[in-house]
Number of protein chains: 4
Amino acid sequence: MSPRTRDQIDEIRKQSRASIQSAALKLFAKQGFHNTSISEIAREASVSKGLIYNYFDSKEALLKSIIESAMNVGNQLIGRHLDSSQDPMQSLAEMLDEAFDMVEANPKYWKLIMSLSFHQDVMARFKDEIDQQQIKNIGLITGLLERANVEEPEKEAMLIAAMSDGILLHFIHIGPQYPLSEMRAYIKERMGMNRI
Amino acid sequence: MSPRTRDQIDEIRKQSRASIQSAALKLFAKQGFHNTSISEIAREASVSKGLIYNYFDSKEALLKSIIESAMNVGNQLIGRHLDSSQDPMQSLAEMLDEAFDMVEANPKYWKLIMSLSFHQDVMARFKDEIDQQQIKNIGLITGLLERANVEEPEKEAMLIAAMSDGILLHFIHIGPQYPLSEMRAYIKERMGMNRI
Amino acid sequence: MSPRTRDQIDEIRKQSRASIQSAALKLFAKQGFHNTSISEIAREASVSKGLIYNYFDSKEALLKSIIESAMNVGNQLIGRHLDSSQDPMQSLAEMLDEAFDMVEANPKYWKLIMSLSFHQDVMARFKDEIDQQQIKNIGLITGLLERANVEEPEKEAMLIAAMSDGILLHFIHIGPQYPLSEMRAYIKERMGMNRI
Amino acid sequence: MSPRTRDQIDEIRKQSRASIQSAALKLFAKQGFHNTSISEIAREASVSKGLIYNYFDSKEALLKSIIESAMNVGNQLIGRHLDSSQDPMQSLAEMLDEAFDMVEANPKYWKLIMSLSFHQDVMARFKDEIDQQQIKNIGLITGLLERANVEEPEKEAMLIAAMSDGILLHFIHIGPQYPLSEMRAYIKERMGMNRI
DNA sequence: GATGAATGAGTGTTCATTCAT
DNA sequence: AATGAATGAACACTCATTCAT
């Protein structure tokens, strides 16, 4: 008889929003952004087309909300290793481990994110933020390498970043038969991260 | 008024085909596949929409013909270094140089190709061929490294491949301010390609 | 917690209904019927969308209820001058004054009403009533003019009606810089309403 | 075998464009702009939805092209009487005749145009032009009245304009049973246009 | 070989309306 | 009485593709 309470409504909204995002992510990852229609997303989320627009201003806004989540995940990963007071090469190894784990756990998701990074129009808004992020990352790694007395720490940092992204790129394309674990171990050895 | 000869017709066909491909490539590279319409391609190629369908069965077929060209370029690059009888690390360095030069000369094109590599549907047909290619590449590099008595030649080969792709990935995203030449030099040094 | 009395409920209903009508009128007048959504009306009236349907069967029914009010206003204006026993030209002048005042006081509202008079579908139901009204008006004016011994009283009546509507039409379109007062004075003079 | 010539194409385009405009006009006039869908227009014009967009950028652009035609008609009507060297009241009478004839010949069309003049959004672009037009009209009539030594020529001009528009407004609403011819004659007599 | 008018299925988006609470 | 999440039909518009010339 009486209308729902604020809390009930908030809960409903949160769940609907999440289920739409999750359906969209799944489809975007499987078949790309442009080849996924709002109708499909609605069907996948067992929701009407119209409802999607209760929660997202547009198809693109929906995509952006997904990207934002991804970026938060990345930011937090980096953050977790910033204040470390342990051996720098150890920190580096841990960062690498975490990143590799993340991608291995959900390769389709990261394939989507990588794929989106080629969509000029979609990424324009995030470009700056991503660039900042990249610079921060390289800076952090450089710092670690300096503390570890590595020569040419900045180039080395960029190389490690490129190498990681290259490996993940290959893994994403080739799939489970790619020897991800071996490469992870090899990279650590080769770049001097497991001297101990 | 006299009918064109077979040869003239063939020549005309070849040129029309090429100018359509070139216009399409330019636009795909600039604004992506989905954001480029057949009308735009026709306009860019100074040709009617209908004519495009004389040469290509569909928009997607046109795209595939472009990808095929790209793959030929890649194949030939590899081929040029297969029979080399010179110092293996030198061969490797040359391959790297050539690949980097190629991407540096036309980054938008390779950005497009990389971006397309994420389109499952478009790439499905090429998947096998690309995989073969990759295996051949890795095999070749492994061979070179074996001849150069490098330890773990296969892992090293995969690492070099990943590293190269990673650097090119970063270059493609960041643009001209990425220190491509320095990284190229550094990678050679770091991976032992310029011992001489 | 005690249930509301019948009277309280009636009072609440009346007020809710009125505030919805008033919000709708304001928005319809500002931006037109088709460009005003139920959501906007609900927001403007600080009421939920659902509640509007407690009081009105549809958006169109809401509009019609507003038109009905407008027509009542018009009817009453006419009514106030029907039984007048004073000088007929004076009555005419007063009617004119009142009508002009009304429009001047709320031009957007009357613009809406005029605009709606072009919506065949909306007005169909009111057509007869309006026609009756018009005939009554013309009849009344004709009667006044007869009593004032004007020649061709019916044509003159129709001319006065047309002239008034024409002036109001121009005023509504042009806005405040239209010399409404002067025209009002001039029309009275020109049509012989201020002989005294 | 060979493609159509420029002339053939121009002819085709002209006809298609015209038939779309004519269908749109008919439907807009019958049921209003907002209540007419592109699909309906296409059906009425026996043409595909898509074709409409070959000729008009949007539904609104289609509407505007129709309004523009109407304004041209109006402008030309005025123009035909600007340089007249005959008796000014005679000119005025002719202008009136022509305008009345025009509306009588096609009342639905002019009903649409009048109705559109209430669509703030649609008319915004034409506001200035229309205002200029109105001022020019009033100016012209004022000039004629001055030459005819009428007192208060400007107010008289505005009154004549208002009166005409008012009569046409009534005619448009009431339809054929409105005594348009009588009113036209009466207005001329009443405003002193047939002294001769 | 070449043209471009024409098609129509498909898209993202809006919004009046319903109904469980 | 009141709420607002949810619906889905309808809309304007796009674009790959066809085909008469």
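A note on names: the letters A, B, ... follow the listed sequences, proteins ahead of strands, and every chain is numbered from 1.
- Within a 6.0 Å sphere centred on CG of Asp57(D), heavy atoms belonging to other residues, nucleotides or ligands number 12 at most.
- Residue pairs that meet the salt bridge (Lys or Arg N to Asp or Glu O under 4.0 Å) test with at least one member in residues 25-45 of chain B, sequence neighbours left out, are Lys26(B)-Glu44(B).
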Check: residues 48-56 of chain B side-chain donor-acceptor pairs under 3.5 Å, at least two apart:
from     : atom 1 : to       : atom 2 : distance (Å)
Ser48(B) : OG     : Leu51(B) : N      : 3.2

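- Using a 4.0 Å heavy-atom distance criterion, Phe56(D) is classed as making no nucleic acid contact.
- Among residues two or more places apart in sequence or in another chain, the salt bridge (charged side-chain N to carboxylate O under 4.0 Å, His left out) test is passed with Lys108(C) by none.
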For this session: Mind running ring pair (Phe, Tyr, Trp, His ring centres under 6.0 Å) on Phe118(C) and His173(D) for me, showing each step along the way?
Result: CA-CA 8 Å; Phe118(C) 289 93; His173(D) 274 101; 4.8 Å; yes

Problem set entry | Derivation and outcome, side chain to side chain donor-acceptor pair (under 3.5 Å), residues Ser69(C) and Gln21(C) | CA-CA 10 Å; Ser69(C) 300; Gln21(C) 281 177 314; 4.6 Å; no

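- Atom P of nucleotide dG8(F) and atom CZ of Arg43(A) are separated by 13 Å, given to the nearest angstrom.
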Would you tabulate the pairs of protein nitrogen or oxygen atoms and nucleotide nitrogen or oxygen atoms of nucleotides 9-11 of chain F closer than 3.5 angstrom?
from    : atom 1 : to       : atom 2 : distance (Å)
dA10(F) : N6     : Lys49(A) : NZ     : 3.2

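- For the pair Leu62(D) CG and dA12(F) C1', the computed distance is 12 Å after rounding to whole Å.
- The nucleotide whose nearest atom lies closest to any side-chain atom of Val47(D) is, among dA6(F), dT21(F), dT7(E), dT7(E).
- Checked for salt-bridge contact, Glu68(D) and Lys64(D) miss the test: no charged N lies under 4.0 Å from a carboxylate O.
- Within residues 7-16 of chain A, the residues approaching DNA chain F are Ile9(A), Ile12(A), Arg13(A), Ser16(A), by heavy-atom distance under 4.0 Å.
- Using a 4.5 Å cut-off on side-chain heavy atoms (C-beta onward), Thr5(A) and Ile9(A) make no contact.
- Among the protein residues, Ser58(D) comes within range of the sugar-phosphate backbone only, with heavy atoms under 4.0 Å from sugar or phosphate atoms but none that close to a base.
- Base pairing in DNA chain E gives the following stems of 3 or more Watson-Crick or G-U pairs, range against range and under 3.5 Å: E:2-21 with F:2-21.
- With hydrogens and angles disregarded, no donor-acceptor distance shorter than 3.5 Å links the side chain of Ser16(C) to the backbone of Arg13(C).
- Judged by distance alone, with hydrogens and angles left aside, the side-chain atoms of Thr36(A) form a donor-acceptor pair with the main-chain N or O of Gly32(A) at under 3.5 Å.
- Computed from coordinates, the His34(D) NE2 to dA12(F) P distance equals 9 Å when rounded to whole Å.
- In this structure, Ser46(B) and Leu51(C) both approach DNA chain E, and ranking their closest nucleotides by distance from the 5' end singles out Ser46(B).
- Between Arg6(D) and Asp10(D) there is a salt bridge, since a side-chain N of the basic residue sits under 4.0 Å from a carboxylate O of the acidic one.
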